Amino acid sequence: MNYWLIKSEPDDYSWSDLVSDGSVIWSGVRNYQARNYLREMKSGDLVLFYHSRHGLEIVGVARVSTEAYPDPTADHGDWSAVDIEPVKPMTHPVSLSRLKSDVRFAEMPIIRSGRLSVSPVSSSQMNLILEWGGVSLI
DNA sequence: GCCAACGTTGGC
DNA sequence: GCCAACGTTGGC
């Protein structure tokens, strides 16, 4: 299983929107590197859901429920989408500032001034974030 | 709301 | 194929 982090501006689409929708097409990614990560996703992969611009914290854990498929919102170009569904909210949201203050996250794209909207998370980083977030997935 | 950083576009 | 101009992202 692989782990990922996706960003969303909560004004556009928030964790609570995901919870009320139950499932959403993660479409509209228009960055090649992010698209390539979408294509590496497997059904069942866990995804940290991060609120950018407002909030600046990881607020929940979601799950990929499909393989990547052609983005239906792309009228031209070779873009991909996956379906995402909520798993659990963070009991304690994990803030960007907390990640920044720990050297174990220094290599994360989100820390390295990343505008990358989809990025990989290592299993050790994932475990730490879940622990900090008070989330048990078992 | 500002603006730095980054990616993309397009004239040459 | 370079690179200036432009648009977008996202922390602050």
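Owing to the predicted nature of the structure, the values given are computational and were not obtained by experimental measurement.
In 5' to 3' order, the nucleotides of DNA chain C bounding all contacts with chain A (an atom under 4.0 Å from a heavy atom) are dG7(C) to dC12(C).
In terms of position along DNA chain B, the nucleotide closest to Arg53(A) lies nearer the 5' end than the nucleotide closest to the other residue of the pair Arg53(A) and Gln33(A). Along DNA chain B, the nucleotide nearest to His54(A) and the one nearest to Arg115(A) differ in position, and the one closer to the 5' end is contacted by His54(A).
Taking a cutoff of 4.0 Å between a charged side-chain nitrogen and a carboxylate oxygen, Asp78(A) and Arg39(A) qualify as a salt bridge.
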Listed pairs under 3.5 Å, donor-acceptor, residues 125-138 of chain A side chains, sequence neighbours left out:
from      : atom 1 : to        : atom 2 : distance (Å)
Gln125(A) : OE1    : Ser122(A) : N      : 3.1
Gln125(A) : OE1    : Ser122(A) : OG     : 3.3
Gln125(A) : NE2    : Arg104(A) : O      : 3.2
Asn127(A) : ND2    : Ser123(A) : O      : 3.2

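Taking a 4.5 Å side-chain heavy-atom cut-off between Ile, Leu, Val, Met, Phe, Trp and Tyr, the cluster of Trp26(A) extends to Trp4(A), Ile6(A), Tyr13(A), Trp15(A), Leu18(A), Val19(A), Val24(A), Val29(A), Tyr37(A), Leu38(A), Met41(A), Val47(A), Phe49(A), Val59(A), Val64(A), Val82(A), Ile84(A), Leu116(A), Val118(A).
Residues Glu40(A) and Asn2(A) are not in side-chain contact: their nearest non-hydrogen atoms beyond the backbone lie 4.5 Å or more apart. Side-chain contact between Ile58(A) and Met90(A) is present, with heavy atoms from C-beta onward closer than 4.5 Å.
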